[in-house]
2 protein chains.
Amino acid sequence: MSPPMKDLLSPTRLPLLTERLKLTGLRPTQQRLALADLLFSAGDRHVSAEALHGEAQAAGVSVSLATVYNTLNRFRAVGLLKEVSVDSGRSYFDTNLSPHIHIFNEVSGELYDAPLCLRPEVLEALAPAHTQAVSVDVVVRVRPRHASQEA
Amino acid sequence: MSPPMKDLLSPTRLPLLTERLKLTGLRPTQQRLALADLLFSAGDRHVSAEALHGEAQAAGVSVSLATVYNTLNRFRAVGLLKEVSVDSGRSYFDTNLSPHIHIFNEVSGELYDAPLCLRPEVLEALAPAHTQAVSVDVVVRVRPRHASQEA
DNA sequence: ATGCCTGCAAAATATTTGCATGTAA
DNA sequence: TTACATGCAAATATTTTGCAGGCAT
């Protein structure tokens, strides 16, 4: 007996998100619109599938975890998201599509962004023969000062 | 009825590997010595737990996958290996301990090394207040030229 | 002899897939 | 109407853990 999912999106953002999905060739379904709203309406975000699922539930959106995974993978496939491998065993998805550096606090789990200044010709020069560079992922792992050595 | 594991290691490498493990505080057990031999006797390597387990089996070394995981984690904990997050959902361990760049071919799965030139003060400057940089991981993802867009 | 190490299996975690049903075009 | 999307559950995949027995010191 929950309200229709569309009512959870503001009339301002709904048409924009709908258009954005259509441009990628993805159908603007209710679940995709709701997840897109959570992802793209609040600045740059780094989320795990589990975390996004939790946010959706909290927002009253009915969506299964499998659909969250499928949606994140589709969004990545069409270039709406980047996947970040900062911690093996768990995937994070990043709404910041520009080349940048991830600062990962190994103790708190926080993930910050920092700008990356890398001339395109340098990136291309790194690719071995007969390959082209697709992206560069930089992760700087930090700890609180004076913390112990081991994870 | 397999031969003693020690016999699989050359008399030249055995004492070196034994000493290396002792220096880290790890007991030089047969399984650890055999895995260390596979890891450290052939230049820089990038291996997954599963792959290393397979190599050990092929070499006639009796070792369980759980022990491979435990051993890789211990080796990393004492600084003999670095862990690489190039592909979420699977861990790779790297015997090259110096700061460097990973060139990852997304299509073939190959992983190459490239030197990283980064002044230490630049790395430190990236760490937010009250944190210190522990390491920097750079992964350049490449594809064969003219390959399609999607993973 | 003591305490760390191993093997096995089971548990824990993370992600993908099959299929019947639902929904956008 | 037709093809694509969703939900659910089960299947996969990866890694960790508990415990009885083994081995290095």
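Computed from a prediction, not measured in an experiment: that's the story for all the values here. For the numbers below, each heavy atom of this structure counts, side chains included, while hydrogens, waters and symmetry mates do not. Every chain is numbered from 1 and lettered A, B, ... according to where its sequence line falls, protein lines coming before strand lines.
Contacts of B/Ser64 with the nucleic acid, taken as non-hydrogen atoms under 4.0 Å apart, include base atoms. If you check every strand for non-hydrogen atoms under 4.0 Å, A/Arg90 touches sugar and phosphate atoms only.
Protein atom CD of B/Gln31 is 17 Å distant from nucleotide atom P of C/dC4, rounded to whole Å. Rounded to whole Å, atom P of D/dT12 lies 15 Å from atom CD of B/Glu50. Atom CD of A/Glu19 and atom C1' of C/dA24 are 16 Å apart (whole Å). Remark: C1' of C/dT13 and OH of A/Tyr92 are 13 Å apart, rounded to the nearest angstrom. The distance between atom CZ of B/Arg27 and atom P of C/dC5, rounded to the nearest whole Å, is 6 Å. The CG-P distance, from B/Leu33 to D/dC23, rounds to 14 Å in whole Å. Distance B/His53 NE2 to D/dT15 C1': 14 Å, rounded to the nearest Å. Rounding to whole angstrom units, CZ of residue B/Phe93 and C1' of D/dT14 are separated by 12 Å.
A residue-by-residue look at A/Arg32 and B/Lys22 shows that A/Arg32 has its nearest nucleotide of DNA chain D further toward the 5' end. DNA chain C is contacted by both A/Ala49 and B/Thr29; B/Thr29 maps to the nucleotide lying nearer its 5′ end (nearest heavy atom per residue). Nearest-nucleotide positions on DNA chain D for B/Thr18 and B/Leu65 put B/Leu65 closer to the 5' end.
OP1 or OP2 of C/dC5 has not a single side-chain nitrogen or oxygen of B/Thr67 nearer than 4.0 Å. Residue B/Gln30 places none of its side-chain N or O atoms closer than 4.0 Å to OP1 or OP2 of D/dG22. Look at B/Asn70 and you won't find any side-chain N or O under 4.0 angstrom from OP1 or OP2 of C/dT6. Contact annotation: A/Arg74 side-chain N/O to D/dA5 OP1/OP2 distance is under 4.0 Å. For C/dT15, one of the phosphate oxygens OP1 or OP2 lies less than 4.0 angstrom from a side-chain nitrogen or oxygen of A/Tyr69.
Residues A/Asp44 and A/His100 have side chains that never bring a donor and an acceptor to within less than 3.5 angstrom of each other.
Around atom CD of A/Glu124, more than 12 heavy atoms belonging to other residues, nucleotides or ligands sit under 6.0 Å away. Other residues, nucleotides and ligands contribute only 12 or fewer heavy atoms inside 6.0 Å of the CD atom of A/Glu50.
A/Val122 and A/Val138 fall within the same hydrophobic cluster, defined by Ile, Leu, Val, Met, Phe, Trp and Tyr side-chain heavy atoms under 4.5 Å apart, directly or through other members.
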_Candidate pair A/Asn73 and A/Thr71, rule side chain to side chain donor-acceptor pair (under 3.5 Å), full reasoning_ = CA-CA 5 Å; A/Asn73 284 329; A/Thr71 300; over 6 Å; no
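Taking the screw axis at each terminus of the helix from C/dA1-D/dT25 to C/dA25-D/dT1 from five consecutive base pairs, the angle between the two is 40° to within rounding of 10 degrees.
Put simply, the side chain of B/Ser135 reaches to within 4.5 Å of the side chain of A/Arg141, judged on heavy atoms.
Closest to the side chain of B/Thr71, out of C/dT6, D/dT17, D/dA24, is C/dT6.
Atom CZ in A/Arg45 sits 12.5 Å away from atom CG in A/Asp113 (nearest 0.5 Å).
Taking both residues in full, the closest heavy atoms of B/Val63 and B/His53 are given as O-NE2, 3.0 Å, listed atom of the first, atom of the second, then distance.
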